[in-house]
Amino acid sequence: MALRIMAILTFMLSGRAMTLAFLGRVGGSGVGDPPQAWLMPLIGDAFIGVTALLILYLILRRRGLWVWTTIIVWNVVAIWDALSAFLISLSNPWPEFFMIQLFGPAMFFAASLMHLVIIGLALRAEVRAHFLAGDG
């Protein structure tokens with residue numbers, strides 16, 4: 001069950017790739033364009049979202065210490081990115097972003113919580129045993 005929850009959350013977090021749509025508009029002068037300060041958080045979100053599908057594959061199909069470590073590291077980097085974006089939002093607001101309009105700052109913490117849950121599940125003895133049972 002833990003692997004299934006990890007997989008579902010990872011798939012949901014692939015939605016962070018939607019920021020690819022905004023990268024070309026960073027620092028633009030159009031209505032709703034992201035401020036220049038949002039470049040790195042958007043790149044981070046795009047990276048996390050796109051690589052989520054690779055992490056999903058690893059969770060479902062591969063084993064080994066390298067897989068388990070990759071899952072942990074990916075989630076730690078993703079938490080860092082989400083919290084960095086929160087800090088950027090405090091100093092350089094982007095109120096036109098539809099996710100901020102819908103969820104406010106809670107969206108940064110919701111993403112971080114999802115990543116924390118994945119880390120917590122990955123640290124469970126049975127999940128570690130699953131991944132560390134052999135390289136494949």
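All values derive from a computational prediction rather than experimental measurement. Atom set for the values below is all heavy atoms of this structure, side chains included, hydrogens, waters and symmetry mates excluded.
- The backbone N or O of F86 sits less than 3.5 Å from a side-chain atom of S89, completing a donor-acceptor pair.
- By the criterion of side-chain heavy atoms lying less than 4.5 angstrom apart, applied directly or through intervening Ile, Leu, Val, Met, Phe, Trp or Tyr residues, M107 is not grouped with W80; the two fall into different hydrophobic clusters.
- Tested against I72, the residues I118, L123, V77 include a single side chain to side chain contact (heavy atoms under 4.5 Å, CB included) partner, L123.
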Test V117 against L121 for side chain to side chain contact (heavy atoms under 4.5 Å, CB included), laying out the working first.
CA-CA 6 Å; V117 168; L121 291 170; 3.9 Å; yes
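- Using a 4.5 Å heavy-atom cutoff, the side chains of L58 and F131 are not in contact.
- One finds the CZ atom of R124 at 10.5 Å from the CE atom of M1 (value rounded to the nearest 0.5 Å).
- Counting heavy atoms from C-beta on, the side chains of T70 and I55 come closer than 4.5 Å.
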Could you walk me through whether H115 and I48 pass the side chain to side chain contact (heavy atoms under 4.5 Å, CB included) test, one step at a time?
CA-CA 11 Å; H115 288 288; I48 295 302; 4.1 Å; yes
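- Contact between W66 and R63 at its shortest, heavy atoms only, is NE1-O, 3.7 Å.
- Nearest heavy-atom pair across L90 and P93 is O-CD, 4.5 Å.
- Nearest heavy atoms, D81 versus G44: OD1-CA, 3.4 Å.
- Annotation for T10 and W74: closest pair CG2-CH2, 4.1 Å, computed over non-hydrogen atoms.
- Between H130 and W68, the distance from one ring center to the other does not fall under 6.0 angstrom.
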Could you walk me through whether L56 and S14 satisfy the side chain to side chain contact (heavy atoms under 4.5 Å, CB included) test, starting with their C-alpha distance in whole Å, then the side-chain angles of each, then the deciding distance to 0.1 Å, before giving a yes or no?
CA-CA 9 Å; L56 178 60; S14 71; over 6 Å; no
For a side chain to side chain contact (heavy atoms under 4.5 Å, CB included) check, start with the C-alpha distance between L60 and L3, then their side-chain angles and the critical distance, and finish with the verdict.
CA-CA 8 Å; L60 295 175; L3 288 175; 5.9 Å; no
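- Remark: F108 CZ to D45 CG distance equals 8.5 Å, nearest 0.5 Å.
- Of all non-hydrogen atoms in A46 and T19, the two that sit nearest each other are N-OG1, 3.1 Å.
- Side-chain contact between L39 and L23: present, with at least one pair of heavy atoms (C-beta onward) separated by less than 4.5 Å.
- A heavy-atom distance below 4.5 Å is not found between the side chains of F22 and D33.
- A heavy-atom distance below 4.5 Å is found between the side chains of V127 and M6.
- A 6.0 Å sphere centred on CZ of R25 holds more than 12 heavy atoms belonging to other residues, nucleotides or ligands.
- Residue R128 comes nearest to A122 through the heavy atom pair CG-O, 3.4 Å, listed as atom of the first residue, atom of the second, then distance.
- V76 and F47 end up in the same hydrophobic cluster when Ile, Leu, Val, Met, Phe, Trp and Tyr side chains are linked at under 4.5 Å.
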